[in-house]
Amino acid sequence: MNDIILKVDNIVKHFYEPEKFQVLKGISFEVKEGEFLALVGKSGCGKSTLMYVLSTMDTDYEGTLTIKDTVLTNQSQNQLAAFRNENIGFVFQFHYLLPEFSALENVMIPALKLKKYAKAEIEERAYKNLEMLGLKDQALKKVTKLSGGQQQRVAIARALINDPAIIMGDEPTGNLDTVNTQIVFDIFRELAKERKQTIIAVTHDDDFANNCDRIIEMKDGQIV
Amino acid sequence: MFSSINNRISQIHLTSNVKQTIVAMLGVTFGISMYIFMTGFMTGVNDIQADLAFSALAHVRIYNDGPADNSNIAKKVFPNDLINVRNAKVIKYTDGIKNSTSILNTLSKQKDITGFTSQVNINVFFKNAGNKLNGLVSGIDVVSEDKVFGSAKHMLQGNWNELKYKSDGIFVGVELARILGLKMNDNVNILTSEGISRNYKVIGIFRTDVYNVDKTKAYIAINAARQLLGVNQDYVTDIQIDMVDYNNTQPLIDNIKAIIPYKVESWQMGNQQLVAGSSLRDTIAKAVSLTILLVAGFGIYNIMNMTINQKIREIAILKAMGFSGGDVTKIFLTQAIIIGILGGIVGIILGNIISHLVNRVKFEVAGMHHLPMTYYPHNYVFAFMFGLITTFVAGYLPAHKASKIDPVSILRG
Ligand SMILES: Nc1ncnc2c1ncn2[C@@H]1O[C@H](COP(=O)(O)OP(=O)(O)OP(=O)(O)O)[C@@H](O)[C@H]1O
Ligand SMILES: [Mg+2]
């Protein structure tokens, strides 16, 4: 039982603007520790909406979300924030970085918040992550001076910094060329295998999906 | 506590838009410097007013107020009977204070008194040749009179201490001297209400800058005054008392009223208009400067609100990465407090500079040369504290709003 790291049970979500509309229609599945999972489906079928629920950021849903044997549904925003900081690395569909900071600082910030390591060590790890993603020479640049693909890789480096139990990506390779897509894929693969970190990635890339451990396909707010 | 990453983010926010930070800071600076200048000026005016008033006025005065109403004595004995006394007269009562030595002994045991002096004041006519003027001769103890009223510094001509040795000497007010045409070493004749007349020699001329005093007053030695009236060494008409804190005369009055059989009066009782004027000025100064600080606070509130609206996406990202509402509040509150402290320090310096500049403006009235100003440290401390509190409140409201931002609703777009 305890190698199930994430479990959702009958998730239902509505949007009320501009009119009442059911986006997620009772979604249930389980993810094992160390599993590399792809979430696929047509544009508008509710993948991003589901990811926001899984990431604990969206609390406005029905059903239950359990991660690491902790029921997260109905926990307070501050409890969820602390949980996210430690356990979830998230790569947004649109790479959200802090524009006033350098690439290195963007990667370091979640770790400085968690304070598991000293600052010097965090900096070293951040450098290592950036190097792994081919960005070592861009580390001290402000993120607004980077290309779209470079920014997306900074966002991935940031998601990895706290060694989260689960890494979630909403089209993490959407802006990347084949070479970099392959690099990111290999990193994810290795993290899942070597460090038992769980990966859940939304993707439109068939090759990427086919090489994952499992594919979950969505259609109109349901799993098929 | 403020974790260092929160401080780092605050610092980046403050330095990435320096112009906006400075504008917010200037709001506080302006408020605090105006507060310092206003209160410095107003207390300066009050102090000058008090100085002027207390050059002729003691903090507490003991004198013989005349007897109680005894015109119908029979009524006191037979309160229930109807008694009618026609054309009642009050018999001559004793005036002045007869047993001054024992009262002075009592006073010397009181605390909070900085000095006291006895006077024999006589209403007289001053005469020189054909000119006649009605006024007041004050028989004084030279040393203690100066201690209580600082009278020696008002001397234009002559030496204050000389009165001690010359029982026929007199100091006259500068206006009195002008009207009667008196110069140093001239003789002036004094006529009391009892019809006694005597000549004195002008050995000094003074100016207090209170016109009425300068026009009607003269000093002679206290023993000379007793001689003039033909009374003994224990006789005085007034005992004038100076206190440590002139705003706090009531405790002393309560203490001695019961044991002294004469009227004990504080300056406040006799001069309600001075009390009112000084407290009204205080109120105006406080109201104006608090308004300024409040406006400055509103400015900070607006700028912080603006900053938070600009940074709403970054706040959402921070929260998505695991920053709590409290972290976000701290990040923005720290910025407000830094703005408050920096603005406050500059405000104190600027307020001090403005005060010095205004203090130099020429103002030649009533013995002043420049506009009055005070530099009391407690006013500076209060201005700084109030500035900090204002920024804290003005910063807290938007910061709290920022902490409530829901990250998904912002990031989903
Ligand atoms: N804030 C919102 N308010 C109302 N409706 C929304 C909102 N966000 C998304 N939707 C709707 O919900 C549905 C699911 O959107 P979602 O973003 O989850 O799609 P997606 O599967 O991620 O698509 P894509 O592959 O294009 O990213 C869409 O029909 C969309 O129009
Ligand atoms: Mg999407």
Side-chain angles (χ1 to χ4, degrees), chain A residues 13 15-17 23 48-49 51-61 76-102 105-115 118-119 122 142-144 155 158-159 161-162 164 168 170, chain B residues 1-22 303-304 306-335 338 399-413:
Chain A
K13 170 151 182 87
F15 280 124
Y16 299 94
E17 294 281 327
V23 216
S48 294
T49 308
M51 291 300 274
Y52 280 121
V53 171
L54 297 184
S55 72
T56 77
M57 273 187 268
D58 192 349
T59 52
D60 181 22
Y61 59 87
S76 79
Q77 283 291 353
N78 283 344
Q79 284 172 315
L80 292 175
F83 187 87
R84 278 201 292 282
N85 185 229
E86 186 172 359
N87 296 300
I88 300 174
F90 201 90
V91 186
F92 300 96
Q93 183 165 14
F94 310 99
H95 29 83
Y96 287 120
L97 300 170
L98 298 172
E100 289 161 324
F101 293 82
S102 70
E105 280 178 309
N106 263 286
V107 177
M108 287 169 70
I109 282 171
L112 292 173
K113 167 68 191 155
L114 187 63
K115 282 190 270 188
K119 191 173 174 201
I122 291 170
K142 262 199 174 186
V143 287
T144 44
R158 182 178 67 183
I161 191 75
N162 281 342
M168 300 187 190
D170 194 350
Chain B
M1 263 319 289
F2 292 151
S3 78
S4 61
I5 179 61
N6 290 348
N7 283 345
R8 169 90 184 119
I9 295 170
S10 305
Q11 181 203 336
I12 289 278
H13 284 175
L14 283 174
T15 50
S16 67
N17 196 341
V18 177
K19 222 163 129 192
Q20 196 167 298
T21 306
I22 288 178
I303 287 180
M304 291 300 291
M306 223 166 80
T307 310
I308 281 159
N309 286 338
Q310 284 167 358
K311 299 206 183 311
I312 197 156
R313 241 171 61 127
E314 285 148 83
I315 296 167
I317 295 168
L318 285 173
K319 291 188 106 180
M321 289 189 304
F323 283 71
S324 66
D327 289 323
V328 174
T329 307
K330 278 176 203 160
I331 286 169
F332 286 96
L333 203 52
T334 306
Q335 296 179 43
I338 289 173
H400 186 69
K401 195 179 95 182
S403 77
K404 292 267 170 283
I405 284 172
D406 174 25
V408 237
S409 62
I410 307 295
L411 296 180
R412 191 149 39 207

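Just so we're on the same page: letters track the sequence lines, and every chain starts at 1.
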Inset, instruction - Could you tell me if the ring centre of His13(B) sits under 6.0 Å from that of Phe332(B)? - result: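 Yes; Phe332(B) has its ring centre under 6.0 Å from that of His13(B).
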
Inset, instruction - Quick one: list whatever passes ring pair (Phe, Tyr, Trp, His ring centres under 6.0 Å) with Phe323(B), sequence neighbours left out. - result: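 If we apply the ring pair (Phe, Tyr, Trp, His ring centres under 6.0 Å) test to Phe323(B), skipping adjacent residues, there are no hits.
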
Inset, instruction - List in chain and number order the residues that pass ring pair (Phe, Tyr, Trp, His ring centres under 6.0 Å) with Tyr52(A), two or more places apart in sequence or in another chain; answer none if no residue qualifies. - result: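 By the ring pair (Phe, Tyr, Trp, His ring centres under 6.0 Å) rule, Tyr52(A) matches no residue at all.
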
For [X], is it the side chain, the backbone, both or neither that has a heavy atom under 4.5 Å from a heavy atom of chain B?
| X | answer |
| --- | --- |
| Phe83(A) | neither |
| Leu114(A) | neither |
| Glu105(A) | side chain |

Inset, instruction - Considering only NZ, NE, NH1 and NH2 on the basic side and carboxylate oxygens on the acidic side, decide whether Lys13(A) and Asp58(A) come within less than 4.0 Å. - result: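 Salt bridge between Lys13(A) and Asp58(A), a charged N being under 4.0 Å from a carboxylate O: yes.
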
